[in-house]
Trainee: 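Could you have a look at this structure, given as structure tokens, before my questions?
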Amino acid sequence: MTPPRALRLVCTLAGARAKSPLLPPPPPFGLAAYVDDDGADIAVLLDLDAEASERAQVEVAAAQIPAADDQPAGRRVFVLAARANVGGFFARIFARGRGHVTPAVRATALLARGYVNLGSDDSGALKTVWGEATPSPS
């Protein structure tokens with residue numbers, strides 16, 4: 001897999017968390033920063049309840065991943081392992097870790113949203129699972 005040249009971060013925070021500032025993890029693949037470019041591949045940071053069942057996590061994760069049909073052919077979506085972390089100054093100091101979303105949950109959610117050619121990268125601190133959008137049948 002060729003690493004992406006740029007990634008746009010997408011995160012949908014739920015409920016009261018939606019008003020909190022997002023503390024994103026560093027970008028994967030050695031990228032310096034996330035970009036604000038609609039033409040870039042997408043990195044998804046999931047906001048999931050760690051105590052929920054895997055099935056419930058898949059349903060919530062799938063709702064947070066953009067549909068493959070809405071993406072141009074070849075667009076890759078990378079789902080980060082880290083869970084969304086919100087808060088201000090004190091959250092950064094006292095955070096006990098983000099926790100991680102299992103590869104099975106992330107891959108199943110990508111399949112549910114219509115992505116193909118799934119893959120995973122287990123190297124580095126931010127393990128990713130990705131899928132690729134394909135053209136819609138006419």
Trainee: Applying a strict under-4.5 Å side-chain criterion to I, L, V, M, F, W and Y, I'd like to know whether Leu46 and Val58 cluster together.
Mentor: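 Yes, it is one cluster - the side chains of Leu46 and Val58 are joined through contacts under 4.5 Å.
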Trainee: Could you note down all residue pairs passing ring-ring contact (aromatic ring centres under 6.0 Å, His included) where residues 47-74 supplies at least one of them, sequence neighbours left out?
Mentor: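 Sorted result for residues 47-74: empty, none.
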Trainee: Is there a path of hydrophobic side-chain contacts, each under 4.5 Å between heavy atoms of I, L, V, M, F, W or Y residues, that connects Leu31 with Met1?
Mentor: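 In one cluster: yes.
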Trainee: Return the set of residues passing salt bridge (charged side-chain N to carboxylate O under 4.0 Å, His left out) with Asp36 (not counting sequence neighbours), or none when no residue passes.
Mentor: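 With neighbours one apart ignored, the set is empty.
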Trainee: Under a 4.5 Å cut-off applied to non-hydrogen side-chain atoms, are Val60 and Asp49 in contact?
Mentor: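 No, every pair of side-chain atoms sits at 4.5 Å or beyond.
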Trainee: Got a sec, which residues hit salt bridge (charged side-chain N to carboxylate O under 4.0 Å, His left out) with Arg5, two or more places apart in sequence or on another chain?
Mentor: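 With neighbours one apart ignored, the set is empty.
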Trainee: Shortest non-hydrogen contact from Ala43 to Tyr34?
Mentor: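 Residues Ala43 and Tyr34, closest heavy atoms: CB-CE2, 4.0 Å.
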Trainee: With sequence neighbours left out, write down each residue that passes side chain to side chain contact (heavy atoms under 4.5 Å, CB included) with Ala33, or none if nothing qualifies.
Mentor: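 Listed in chain order: nothing, the list is empty.
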Trainee: Rounded to the nearest 0.5 Å, what separates atom CD in Glu54 from atom CG in Leu48?
Mentor: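 Spacing of CD (Glu54) from CG (Leu48) equals 11.0 Å.
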Trainee: Any non-hydrogen side-chain atom of Leu7 less than 4.5 Å from a side-chain atom of Pro28?
Mentor: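 Of all side-chain heavy-atom pairs linking Pro28 with Leu7, at least one is under 4.5 Å.
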Trainee: Go through the structure and list residues passing side chain to side chain contact (heavy atoms under 4.5 Å, CB included) with Val10, not counting sequence neighbours.
Mentor: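 For Val10 the side chain to side chain contact (heavy atoms under 4.5 Å, CB included) partners, ignoring immediate neighbours, are Arg8, Ile42.
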Trainee: Identify all side-chain donor-acceptor contacts of residues 102-115 below 3.5 Å with residues at least two apart in sequence or on another chain.
Mentor:
residue	atom	partner	partner atom	Å
Thr102	OG1	Val105	N	3.2
Arg106	NE	Val101	O	3.0
Arg106	NE	Thr102	O	3.4
Arg106	NH1	Val79	O	3.1
Arg106	NH1	Lys127	O	3.2
Arg106	NH2	Val101	O	3.4
Thr108	OG1	Ala104	O	2.7
Arg113	NE	Ala62	O	3.1
Arg113	NE	Ile65	O	2.8
Arg113	NH2	Ile65	O	3.1
Tyr115	OH	Pro66	O	2.6

Trainee: Give me the other members of the hydrophobic cluster that Val35 sits in, counting Ile, Leu, Val, Met, Phe, Trp and Tyr linked by side-chain heavy atoms under 4.5 Å, directly or via other members.
Mentor: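 Val35 shares its hydrophobic cluster with no other residue.
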Trainee: Hey, what do you get for NE2 (His100) to CZ (Arg83), rounding to the nearest 0.5 Å?
Mentor: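 Going from the NE2 atom of His100 to the CZ atom of Arg83 covers 9.5 Å.
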Trainee: Please find the pair of heavy atoms, one from Leu118 and one from Gly131, that lie closest to each other, and give the distance.
Mentor: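 So the two residues come closest at CD1-CA, 4.1 Å.
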Trainee: What pairs meet the ring-ring contact (aromatic ring centres under 6.0 Å, His included) rule with one or both residues in residues 56-85, with sequence neighbours excluded?
Mentor: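 Found Phe29-Phe78, Phe78-Trp130.
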Trainee: Determine, using the 4.5 Å side-chain heavy-atom cutoff (strictly less than), whether Leu80 and Leu22 are members of one ILVMFWY cluster.
Mentor: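 Yes, Leu80 and Leu22 fall within the same hydrophobic cluster.
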Trainee: Applying salt bridge (charged side-chain N to carboxylate O under 4.0 Å, His left out), name anything that partners Glu59, two or more places apart in sequence or on another chain.
Mentor: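 Residues passing salt bridge (charged side-chain N to carboxylate O under 4.0 Å, His left out) with Glu59: Arg55.
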Trainee: Just jot down the salt bridge (charged side-chain N to carboxylate O under 4.0 Å, His left out) partners of Arg76, sequence neighbours excluded, or say none.
Mentor: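 Expected list: Asp41.
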Trainee: Of all residues at least two apart in sequence or in a different chain, which pass the side-chain hydrogen bond (donor to acceptor under 3.5 Å, both in side chains) check with Gln64?
Mentor: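 None.
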Trainee: Which residue pairs satisfy the ring-ring contact (aromatic ring centres under 6.0 Å, His included) criterion with at least one member in residues 44-72, sequence neighbours excluded?
Mentor: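 Residue pairs passing ring-ring contact (aromatic ring centres under 6.0 Å, His included), neighbours aside: none found.
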Trainee: Search all heavy atoms of Cys11 against all heavy atoms of Leu45 and return the closest pair with its distance.
Mentor: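 Scanning both residues completely, I find the closest heavy atoms to be SG-O, 3.2 Å.
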